[in-house]
Structure formats: C-alpha cells, structure tokens
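Below you'll find the structure, written out as structure tokens, and then a few comments.
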Amino acid sequence: MAKKQTPKEGSWLLLIFYLSGKKASERVGVWRKLQATGALSLRNSGYLLPNTPENQERFAWLATSIRAVAGEVSVLQVGAIDDPSPEELMQSFRNERNKDYEALLGDIEESRSKGQLSTAQLARLKRRLEEIREIDFFQSSLQGDAEKAIDLLERPQTTRLSSGKLSATDFQSKTWMTRPRPGIDRVSSAWLIKRFIDPKARFIFGPDPAAHPKSIPFDMFQGHGFAHEGELCTFEVLCVRFGIRDKAVLRIGQAIHDADFEEPKFGRQEGIAINQVLKGWAKQGLSDEELLRRGADLIEAMYHVT
C-alpha cells in the first residue's frame, strides 16, 4: 500500500478550469469530483489542495476528465499564498472536514438509536469514515471522535480472540497490523507487544486487515484481533489476555487509559502528555514507522521511572 504523504505547509496545487455555460451537467459532474478530492474553493478563482503526490494525481485525473468534455484547465504548483495565510487555509480545510465528520457522527448516533445494524450498514459507515480520513489533510479535531463512535457502534457485533488467557509462545515472529498515524494506544500497545509478547514482532499499517490476512490486527475497527473491549483500551486488553502483571506496566496502562478515553479515571497525566507529543510529531510529517519508534522509546523511558 502506498504511504500517504503528509502535506507541507505553504505548498499548494491550484486547479483552474473553464467549461461553457451550455455544459451545465458537465459542470455539476466536475464539481462533484472536486468535492470528492477535498479541494477548497479559493475565492472563486480556482480550487486548492495541499501539494502531495496523491493530490497531484487527483488533479491530473480531474484535468483529463475536464479536457474530455472540451473544457480548459490548468493545474498550478503554488509555492506560497500570502492571503489567506497558511494557518487560515489549513483551518478552512479542517472546517470542511468538520462538516463531514459531524454528518457522519449524526448518522452513527441515529444508527445506534435504532439498535442492531446489518453488516452492510456498518460497512458503509466505516467506508465513509475512511473516505473522510483520506482527505482530512490537516487532522480535524473530530477525526478521533468519529473513530471512537464507529468503534462503539461496532463493539456489540465484534468477535474477538478467545477471552481466555493466551500464551506468548503462540505469537512469535508475527506481523502485527494497526491503523496509520498511530496515537497513544497503538504506540503503547506496539511497545507492549515487542517488550513482553513478541520480541521479533514486525509492524505494518493500513485500514483493512483483509489486505494482510496473516497479520494480527490491534486497535482496529474490523472486529477481530485485539481492540477496545468494554471499558478497556487495547493496551489493557493485551495485558489481560497475556496475563502481564508487571506493576510498572499496569501503571502505564492506567495512564494510557486516561489519555485514550480522555477521562480522568486513574488521575494520571503522563499518557496525555505523550499523546500530545505524538500529535505534534504527526503534524511534522513523521512516517508511521518513525512515530511508532519514537513513541515506543517514550513508553520505554516511562517504564523505567514508573
């Protein structure tokens, strides 16, 4: 799977096009395609996206489709825009994604109120989440809320691994899979796996475990592997399933719980601070692998002082 590139501040793509007024249906089609790319209208002068390889490809395909209906189109690479400022532009992108997440959260809440969902209905909601995430270039604050809402919606239908104790000897030299852009629960779970369960663990990232059927998913939405259960975060679930009773690990678990659920159940602030650091690194464009490595180093240091 190609790695999603993080947008760099102040580097943009601007698409400008013209279609005859007689081509109303074609204009509507182009507008819908622009909406799907996550492009932002720039004062009616064109449509803006962060300059990444994925977005270059999106605009290239769109330009081809515009020319195919006798339209005129140019795609410009813009080094800087002075007004609006980069911060204002990034916030405008977040505001647009907030609308998408709010609509999704509303539908999730409506679905929850109606009771059990069909597999197809749940799959559609999860697909919408992934589509929004794909064009959430500057990490809307509602992304985490939507992910947790989907997880809660799915939880009654999930089939996890056996609720009995598991032996680490059955989980050696495995490939473990989790979602991209790892946060506090995924980072700490990866540290726990490598430190106490599978020292030769290999970690990969992606939205769909079906693409890697031999991998062991953790902290994902697909209903198998290791994930939130009841009031336990993934880190805590791993501790319970593998019988890890190290006192320092269990205290770390309390800090991870408070940070991941954003609730002061145990009154521990360490995990919240580490989560903020992880978010800062993510905004700097670190790869998933580097986020996991640096985050694990923080948890290891925490282990020695806890």
Side-chain angles (χ1 to χ4, degrees), residues 1 4 32-40 90-161 177-187 189 205-211 217-237 256-265 271-272 275 278-279 282 288:
M1 177 178 294
K4 182 178 176 181
R32 287 175 176 167
K33 290 174 182 177
L34 282 164
Q35 291 291 103
T37 68
L40 185 72
M90 289 188 287
Q91 189 56 50
S92 293
F93 275 101
R94 293 188 191 101
N95 291 342
E96 291 302 309
R97 298 293 76 76
N98 284 346
K99 296 175 186 176
D100 295 336
Y101 285 124
E102 286 169 355
L104 176 59
L105 286 165
D107 289 344
I108 291 171
E109 183 58 35
E110 182 180 354
S111 298
R112 182 182 294 117
S113 67
K114 292 180 179 178
Q116 190 81 356
L117 271 74
S118 69
T119 301
Q121 289 172 319
L122 182 58
R124 281 195 293 270
L125 290 171
K126 289 161 65 177
R127 186 165 57 251
R128 279 179 62 190
L129 173 61
E130 290 305 322
E131 289 171 352
I132 299 169
R133 277 172 48 92
E134 185 65 25
I135 58 173
D136 186 6
F137 307 115
F138 300 105
Q139 291 190 316
S140 161
S141 59
L142 294 181
Q143 182 183 122
D145 293 343
E147 291 175 344
K148 290 179 182 178
I150 288 284
D151 189 34
L152 288 171
L153 191 63
E154 183 182 27
R155 191 175 299 163
Q157 301 175 209
T158 60
T159 302
R160 309 292 187 195
L161 293 176
M177 184 175 185
T178 193
R179 292 174 284 134
R181 315 315 289 155
I184 187 66
D185 197 14
R186 281 167 279 164
V187 161
S189 294
F205 304 88
D208 184 10
F218 66 100
D219 202 41
M220 299 191 75
F221 303 133
Q222 279 72 15
H224 62 284
F226 300 94
H228 288 202
E229 293 189 18
E231 297 183 354
L232 300 179
C233 65
T234 304
F235 185 95
E236 294 171 300
V237 168
I256 304 306
H257 179 105
D258 282 3
D260 193 47
F261 284 102
E262 298 180 354
E263 62 177 16
K265 179 178 179 178
I272 296 172
N275 202 30
L278 289 169
K279 290 179 179 178
D288 296 330

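Here, residue 1 is the first one in the sequence, and each next residue gets the next number. Heavy atoms only: backbone and side chains are in, while hydrogens, waters and symmetry mates are out.
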Worksheet entry | Test of ring centre spacing under 6.0 Å for H228 and F261 | yes
Item to complete: Please identify each residue that fulfils side chain to side chain donor-acceptor pair (under 3.5 Å) with E109, with sequence neighbours left out.
Response: R112
Worksheet entry | Pair H257-E231, side-chain donor/acceptor within less than 3.5 Å | no
Worksheet item: With sequence neighbours excluded, what pairs up with D100 under the salt bridge (charged side-chain N to carboxylate O under 4.0 Å, His left out) test?
Response: R97
Worksheet entry | Candidate pair D136 and Y101, rule side chain to side chain contact (heavy atoms under 4.5 Å, CB included), full reasoning | CA-CA 10 Å; D136 186 6; Y101 285 124; 2.8 Å; yes
Fill in: Qualifying residues under salt bridge (charged side-chain N to carboxylate O under 4.0 Å, His left out), relative to D219, sequence neighbours excluded
R179, R186
Discussion item. Go through it in stages, so that I can follow the logic: the residues are R133 and E130, the test is salt bridge (Lys or Arg N to Asp or Glu O under 4.0 Å), and I'd like the CA-CA distance, side-chain angles, deciding distance and then a yes or no.
Written reply: CA-CA 5 Å; R133 277 172 48 92; E130 290 305 322; 3.7 Å; yes
Practice prompt. For D145, enumerate each residue passing the side chain to side chain donor-acceptor pair (under 3.5 Å) test, keeping only those at least two apart in sequence or located in another chain.
Written response: none
Discussion item. Going by side-chain contact (heavy atoms from CB on, under 4.5 Å), name the residues that satisfy it together with Q35, two or more places apart in sequence or in a different chain.
Written reply: W31
Worksheet item: Excluding sequence neighbours, so at least two apart, what forms side chain to side chain donor-acceptor pair (under 3.5 Å) with T37?
Response: none
Fill in: CA sep, side-chain torsions, deciding dist, call: M220, M177, side chain to side chain contact (heavy atoms under 4.5 Å, CB included)
CA-CA 8 Å; M220 299 191 75; M177 184 175 185; 4.1 Å; yes
Worksheet item: Can you name the side chain to side chain donor-acceptor pair (under 3.5 Å) partners of K99, sequence neighbours left out?
Response: E96
Discussion item. Side chains of F137 and I135, heavy atoms from C-beta outward: is any pair under 4.5 Å?
Written reply: yes
Worksheet item: Looking only at heavy atoms, what is the nearest atom pair of N275 and A259, with distance?
Response: ND2-O, 4.4 Å
Practice prompt. Decide whether Q91 and N95 meet the rule of one side-chain donor and one side-chain acceptor closer than 3.5 Å.
Written response: yes
Discussion item. Keeping D185 on the side-chain end and D260 on the backbone end, is there a donor-acceptor pair under 3.5 Å?
Written reply: no
